[in-house]
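Down below is the structure, laid out as structure tokens.
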Amino acid sequence: MDTPETTTGRRLGPALLDATISAGIAFLLFCLLLGVRTVDSVTGITLQPRPILLAVVVGLVFFGRLALNLFWWDRDWTFPALPFLPKKQGDGASSAANEANRLGLILVAFAVLFPIVAYLLNTAFGLHLPLRYWFDLSILVLTYVMLGWGLNIVVGLAGLLDLGYVAFYAVGAYSFAIISAHFGWSFWMCLPIAGILAALWGIMLGFPVLRLRGDYLAIVTLAFGEIVRIVLQNWTDVTGGPNGISNIPGPSFFGLDFGLRAENSFHAFFGLRYDPLYGTMWLYYIILVMALITNFVTLRLRRLPMGRAWEALREDEIACRSLGINTTVTKLSAFATGALFGGFAGSFFAARQSFISPESFTFIESAIILAIVVLGGMGSQLGVAIAAAVMIGGFEALRHTDSLQLIFGQGFDPALYRMLFFGLAMVAIMIWRPRGLVSTRAPSITLRKGKAAIAGELVGEGRA
Amino acid sequence: MSTAPLLNVEHLTMRFGGLVAVDDVSFAAERGQITALIGPNGAGKTTVFNCITGFYKPSEGMIALTHASGRRFLLERLDDHAINAKAKVARTFQNIRLFPGMTALENLMVAQHERLTATAGLTLGALFGLKRFHAAERQAVELASHWLERIGLIDQADNAAGNLSYGDQRRLEIARAMCTRPELLCLDEPAAGLNARESDSLNALLRTICAEENTAILLIEHDMSVVMTISDHIIVLDHGAIIADGPPQAVREDEAVIAAYLGVPDEEVEDAEREVGL
């Protein structure tokens with residue numbers, strides 16, 4: 001047996017070669033993308049070279065690739081087993097599922113550390129990073145991750161195509177806003193109430209559509225989403241109509257507020273200098289934890305009879321009934337569970353914005369959430385998270401793609417063409433990966449160790 | 001022990017608009033026996049099945065099921081899922097209806113939904129790791145493995161059901177139905193599309209189910225070699241009505257049955273035409 005050091009030593013040559021090739025490709029790609037910048041000057045547009053940025057990026061690619069080669073792809077070590085994670089089954093053979101688990105774990109670790117590390121680096125080195133913007137964007141992405149995971153229960157697991165998911169988001173948001181305005185209850189008291197109210201609405205929607213499937217179900221849920229929005233818009237006495245509800249309190253930190261002049265302020269209690277970023281970071285961690293709870297509950301439910309019945313319902317409803325599964329209860333539980341998480345996300349949204357109006361709950365929101373689920377791969381938790389990051393982050397990235405002005409001229413505003421790009425991207429992904437980014441399905445229970453995932457083509461979509 | 005027959009169908013009639021698919025059919029299926037329902041295409045066999053298993057509500061008639069314990073169920077009054085969950089009637093389908101994207105094991109676990117849910121403490125209990133549920137889940141996996149072994153698919157336990165070969169899928173569907181621990185197992189053309197060897201092993205499987213599991217079998221089948229070998233009792237349907245009912249030997253020699261399957265001699269046709277004035 002080789003010791004790890006000697007194996008690493010033997011692999012160094014090919015690894016260096018591979019890293020050099022990657023760096024070369026990166027250089028070719030980025031020398032125009034990043035290496036030059038167009039600048040407005042008196043004489044018109046001039047090119048300003050940015051060699052340092054280019055060198056940094058190419059260097060990152062080189063060393064990153066080298067590190068991956070040496071320590072990751074052929075590693076002979078594994079992560080230590082963590083008590084809260086499912087027991088790892090088998091060794092190298094169970095690669096697909098474990099690899100996904102690991103990637104998920106890394107993403108979670110990154111999500112947990114990101115604000116703290118970014119904040120500390122920023123203050124320690126005085127970097128003047130646009131942290132506020134980064135955190136706000138991350139919170140937005142995480143909100144959509146949570147919504148995607150919630151809708152994934154209905155669409156991905158139970159196979160019930162729901163085009164009106166935003167209705168539950170709206171019910172959650174308005175429940176919290178109205179309760180807090182009338183009774184002065186805090187976010188933490190209203191959160192469960194808002195979730196339960198949204199779940200009840202899920203059941204109310206569920207009853208009339210029990211017999212519908214596929215396209216017909218989609219149409220009715222679409223109508224339901226619009227009904228909720230229009231009621232919110234016109235029921236002025238309660239919802240404030242188009243003016244919405246403002247001054248919604250934000251979530252407190254164990255009774256401490258984040259305002260500059262609040263009575264029990266966070267910074268005063270801990271003896272810190274006031275910084276508006278504390279509140280933003282707290283919001284970030286709340287939505288992160290809420291999203292992770294959604295994920296945990298979904299993964300756990302998949303292994304319980306209820307979740308298995310959802311998946312069986314997606315595969316074949318008639319067979320379900322022949323096996324003694326009450327499809328009414330199964331469908332309603334899927335709608336209610338999905339709506340519950342939508343409601344939680346909604347009341348978080350209200351607390352974060354401190355202002356809500358029917359404008360925020362239009363059909364396009366439902367469409368975006370559904371697109372996230374479909375792009376991610378129906379039923380795949382990791383895929384949905386990646387799709388949410390790509391889509392919401394991608395929207396934002398387009399705002400800053402000023403290099404496109406070089407091609408299309410000065411008057412070109414990329415933000416206006418977001419939907420066009422979005423549509424193109426959607427078409428492209430559906431051509432190349434028709435079942436979404438992560439198209440395989442992991443079995444909920446296995447008899448043997450080391451089970452590969454199930455190919456997406458076999459998995460039903462709940463249209464039959 | 002109750003002395004009433006396991007399944008007692010009386011005056012069952014099923015109309016679809018003006019079409020009478022099943023017309024005043026009465027028969028019984030005894031405990032511990034294999035009862036076959038045969039007849040030409042369109043005779044109404046599958047309609048009878050769908051009435052028994054709750055997928056259709058019969059227009060008229062009564063379907064009574066009596067458990068060995070003496071408990072009696074009127075199937076025409078139960079919801080389709082309750083017919084399996086409470087009355088313990090399981091079925092398979094003419095065109096296989098497995099859950100193709102789930103593994104063989106998962107298919108058998110879904111079949112045990114009723115018992116697992118009963119221990120799951122409204123799902124919330126199991127969500128937080130209820131001990132009772134873990135024990136029930138282990139038992140469910142054991143029962144599933146037992147059936148996978150019996151149908152020879154234990155090595156395929158973790159493969160997607162949709163990836164199994166046709167014959168394996170047929171057997172898995174029977175195992176899935178058996179995982180609901182039925183008193184009556186209704187099989188809709190279990191031997192369709194099987195080769196001679198697979199068909200033989202299916203016969204052996206059905207005989208052992210009947211003998212060892214205290215489960216009676218009601219089957220629809222076109223393959224006469226299967227029907228004649230394994231059935232204790234045969235009912236022949238034609239145009240929605242029963243034309244013969246008895247042990248295999250008697251049915252085989254029944255003239256009405258032969259006429260229904262093979263047609264009648266030319267003279268008889270001519271006689272009949274003369275009678276109606278053609």
Side-chain angles (χ1 to χ4, degrees), chain A residues 89-90 94 159 296-330 333 336-337 378-379 435 439-462 464, chain B residues 53-55 79-86 88-93 96-107 109-120 122-123 126-129 133 136-137 140-141 144-145 148 154-155 157-163 173 176-177 179-180 186:
Chain A
Q89 298 179 329
S94 58
F296 173 78
V297 169
T298 311
L299 288 179
R300 193 99 182 86
L301 280 175
R302 269 195 76 209
R303 305 172 63 84
L304 298 181
M306 191 197 260
R308 252 184 231 130
W310 290 341
E311 292 205 81
L313 185 74
R314 177 193 65 203
E315 298 283 318
D316 195 325
E317 183 173 346
I318 290 177
C320 270
R321 287 193 269 158
S322 84
L323 294 173
I325 293 173
N326 187 338
T327 48
T328 306
V329 171
T330 308
S333 64
T337 316
M378 295 206 287
R435 305 291 302 222
S439 58
T440 54
R441 171 182 176 272
S444 65
I445 187 169
T446 54
L447 210 54
R448 300 280 155 83
K449 294 166 176 182
K451 175 60 206 125
I454 295 169
E457 294 79 57
L458 292 170
V459 181
E461 288 171 315
Chain B
T53 51
F55 283 85
D79 282 338
D80 47 12
H81 64 89
I83 286 181
N84 181 279
K86 296 207 174 72
K88 295 286 164 206
V89 178
R91 74 168 292 178
T92 64
F93 294 86
I96 305 173
R97 284 187 174 273
L98 286 167
F99 305 122
M102 302 172 88
T103 65
L105 178 65
E106 283 180 304
N107 268 274
M109 293 297 282
V110 171
Q112 302 179 63
H113 179 82
E114 185 67 20
R115 252 166 302 136
L116 285 173
T117 308
T119 60
L122 293 171
T123 299
L127 196 62
F128 296 109
F133 173 74
E137 192 181 33
V141 173
S145 318
L148 285 170
I154 191 76
D155 294 330
D158 297 331
N159 286 349
N163 269 343
E173 204 189 12
R176 188 180 68 178
C179 276
T180 65
C186 299

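- At a threshold of 4.5 Å between non-hydrogen side-chain atoms, the residues A:Thr446 and B:Leu105 do not count as touching.
- B:Glu106 and A:Arg441 are joined by a salt bridge, as a carboxylate oxygen and a charged side-chain nitrogen come within less than 4.0 angstrom of each other.
- We find that A:Arg308 and A:Glu311 are not joined by a salt bridge, their nearest charged nitrogen and carboxylate oxygen being 4.0 Å or further apart.
- The greatest number of non-hydrogen atom pairs below 4.5 Å with chain B, out of A:Asp316, A:Leu304, A:Val459, A:Thr327, is found for A:Asp316.
- Listed for the A:Arg321 side chain is no donor-acceptor partner under 3.5 Å among the backbone atoms of B:His81.
- Ranked by heavy-atom pairs shorter than 4.5 Å toward chain A, the options B:Asn163, B:Asn107, B:Thr53 are led by B:Asn163.
- Between chain A and the residues B:Ile154, B:Leu148, B:Thr92, the largest count of heavy-atom pairs under 4.5 Å involves B:Ile154.
- Of the two parts of B:Ala157, only the side chain, counted from C-beta on, holds a non-hydrogen atom closer than 4.5 Å to a non-hydrogen atom of chain A.
- Looking only at heavy-atom pairs under 4.5 Å with chain A, the residue among B:Asp80, B:Leu98, B:Val89 that has the most is B:Asp80.
- Counting only heavy atoms from C-beta outward, the side chains of B:Glu137 and B:Met109 approach each other to under 4.5 Å.
- In this structure, B:Arg91 forms a cation-pi arrangement with B:Phe55, its terminal cationic atom sitting closer than 6.0 Å to the ring centre and no more than 45° off the ring axis.
- Taking chain B as the reference chain and counting heavy-atom pairs below 4.5 Å, the highest number among A:Gly307, A:Ala309, A:Ala312 is found for A:Ala312.
- Residue B:Val110 touches chain A through both its backbone and its side chain, counting heavy-atom pairs closer than 4.5 Å.
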